[in-house]
Amino acid sequence: MTRLSKYKIMNYKNPDENGYYGEFGGAFIPEMLYPNVEELEKNYLQIIESEEFQNEYQDLLKNYVGRATPLYFAKNLSQKYNTNIYLKREDLNHTGAHKINNALGQVLLAKRLGKTRIIAETGAGQHGVATATACALLGLECIIYIGEVDIKRQAPNVARMKMLGAKVVPATSGSKTLKDAVNEALKDWINNPVTTHYVIGSVVGPHPFPDLVARFQSVISEEIKKQLFEQIGRENPDYVIACVGGGSNAAGTFYHFANDENVQLIAAEAGGFGVDSGKSAATTFLGTLGVLHGSKSLVMQTKDGQVIEPHSISAGLDYPGIGPFHSNLFREKRAEFFSINDDEALQSAFDLTKLEGIIPALESAHALAVLDKKEFNQDDIVVICLSGRGDKDMETYLKKLEVSS
Ligand SMILES: Cc1ncc(COP(=O)(O)O)c(C=O)c1O
């Protein structure tokens, strides 16, 4: 390996000028989407790095979203695992998850691009609610695509989107979950290229979306560094842990640590019923190189390239791919990936609730479950991203309670 290529691989944070993280990324899109994606690619960095944009965005993050979110030392959880566990409380954001960091940023960007109509996909409903919220605030039309299965399992969020004025459109193909909602949103964008911006909710999609979303979510690790320094006099933890659906909360949690190999990155994927069960969403365990939703990444697919329908109890992790940022971390062994099954995530959600009085989102519970899979030292500093709150998952939690009582 030449020194130059070693240097290139060491930059895990951002893609190269063609939108690649190592061999993953790029923009594989139908011709009709070229103008939209090109317009975004040409303008996104200039706009989001401008002082005027940053003033408005930072003001909203602080006074509307409620940032900075706390970095909470979880004493009881730390005692149980005999280490030092800090929770990054993205669940305390306005609308209840990290998704608002990106949704607000993208809707502000869309306005500056002259767009009047916003579309988005959602799985757990958190990105849908966040986008509908940003559109209500900033006065744009909003259409949210969501799988029929997810409409049922995340009903409270569907009601919130409607109250916020969004039109909610069911995706009825495939497994009727997140992947199918993305397909519908992409179709809409092809049909409405001039007026519409597609607010993608994770670090997936064609370049520049993975980079754009990672930058908006990078506030998570920016704050962790500051807060850890204030609390214990050092900026870097030993470990950062986050769940990965497409990978946006994990990208934000890893971002400012990614190029510092003293910090170990741990990602939790949804194992569903188990990686060998045929009902799983653990992409790094089951995926191969492919193209999904406009980028080259690891994808769960048959030998002929047909996408395998994923399964997870958690709507936000029920996706047959991961973003190119994470495929690269996996390929380069920069991050360690764990597969967490449905029942393990449920157990971790109940454990956190009992020990700390915090009901986590089912997605975030996958990150917490890593604590049962990996040994940490007594003096390790372990930061876990609590990406969202569990209100939307109460029906699933109550069902579990009824079965166990
Ligand atoms: C609370 C929460 N955490 C995590 C995720 C997974 O998405 P990502 O991997 O993009 O963070 C979702 C998706 O909806 C979510 O709602």
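Whatever order the structure lists them in is the order used to number ligands and atoms, beginning at 1. Sequential numbering from 1 along the given sequence is applied to the chain's residues.
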From the candidates A242, S202, A267, C243, the one that places a heavy atom nearest atom 10 (O) of ligand 1 =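 Among A242, S202, A267, C243, the closest heavy atom to atom 10 (O) of ligand 1 belongs to S202.
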Show the atoms of ligand 1 that are less than 4.0 angstrom away from any heavy atom in [X].
X    : answer
G246 : 9 (O)
G388 : 1 (C)
A124 : 14 (O), 16 (O)

Does an N or O anywhere in [X] fall below 3.5 Å from an N or O of ligand 1?
X    : result
G245 : yes
S364 : no
Q126 : no

When you look at NZ of K152, are more than 12 heavy atoms from neighbouring residues, nucleotides or ligands closer to it than 6.0 Å?
->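 Check fails, neighbour count at 12 or below.
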Does [X] have a non-hydrogen atom less than 4.0 Å from ligand 1?
X    : answer
G123 : no
E90  : no
G247 : yes

Return the residue, atom name and 0.1 Å-rounded distance of the protein heavy atom closest to [atom].
atom                   : value
atom 5 (C) of ligand 1 : E363 CG, 3.7 Å
atom 6 (C) of ligand 1 : G316 O, 3.5 Å
atom 7 (O) of ligand 1 : K99 NZ, 3.2 Å
atom 3 (N) of ligand 1 : S387 OG, 2.7 Å
atom 8 (P) of ligand 1 : S248 N, 3.3 Å

Apply side chain to side chain donor-acceptor pair (under 3.5 Å) to the pair N11 and N259, showing each step before the final yes or no.
-> CA-CA 6 Å; N11 182 13; N259 291 342; 3.3 Å; yes
Side chains of Q54 and Q58: is there a donor and an acceptor less than 3.5 Å apart?
-> yes
Looking just at side-chain N and O atoms, do H98 and Q217 make a donor-acceptor pair shorter than 3.5 Å?
->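 There is no such pair (donor and acceptor under 3.5 Å, judged by atom type) between the side chains of H98 and Q217.
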With heavy atoms only and a cut-off of under 4.0 Å, state how [X] meets ligand 1: side chain, backbone, both or neither.
X    : value
V244 : backbone
H98  : side chain
A361 : side chain

Kindly determine whether N101 and E90 satisfy side chain to side chain donor-acceptor pair (under 3.5 Å), including the steps that lead there.
-> CA-CA 10 Å; N101 305 327; E90 292 300 296; 3.2 Å; yes
Single hit among F209, Y319, F28 for ring pair (Phe, Tyr, Trp, His ring centres under 6.0 Å) with H293 |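 That would be Y319; it is the only one of F209, Y319, F28 passing the ring pair (Phe, Tyr, Trp, His ring centres under 6.0 Å) with H293.
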Step by step, work out the ring pair (Phe, Tyr, Trp, His ring centres under 6.0 Å) result for Y255 and F325.
-> CA-CA 10 Å; Y255 195 86; F325 176 103; 7.0 Å; no
pair D391-I359: side-chain heavy atoms closer than 4.5 Å =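 No, side chains not in contact.
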Should T116 and E141 count as side-chain neighbours, where that means a heavy-atom distance under 4.5 Å?
->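 In short, these two side chains do not touch, never coming nearer than 4.5 Å.
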Does a side-chain N-to-carboxylate-O contact under 4.0 Å join D351 and K80?
-> yes
Any ion pair linking E39 and K115 (charged N to carboxylate O, less than 4.0 Å)?
-> yes
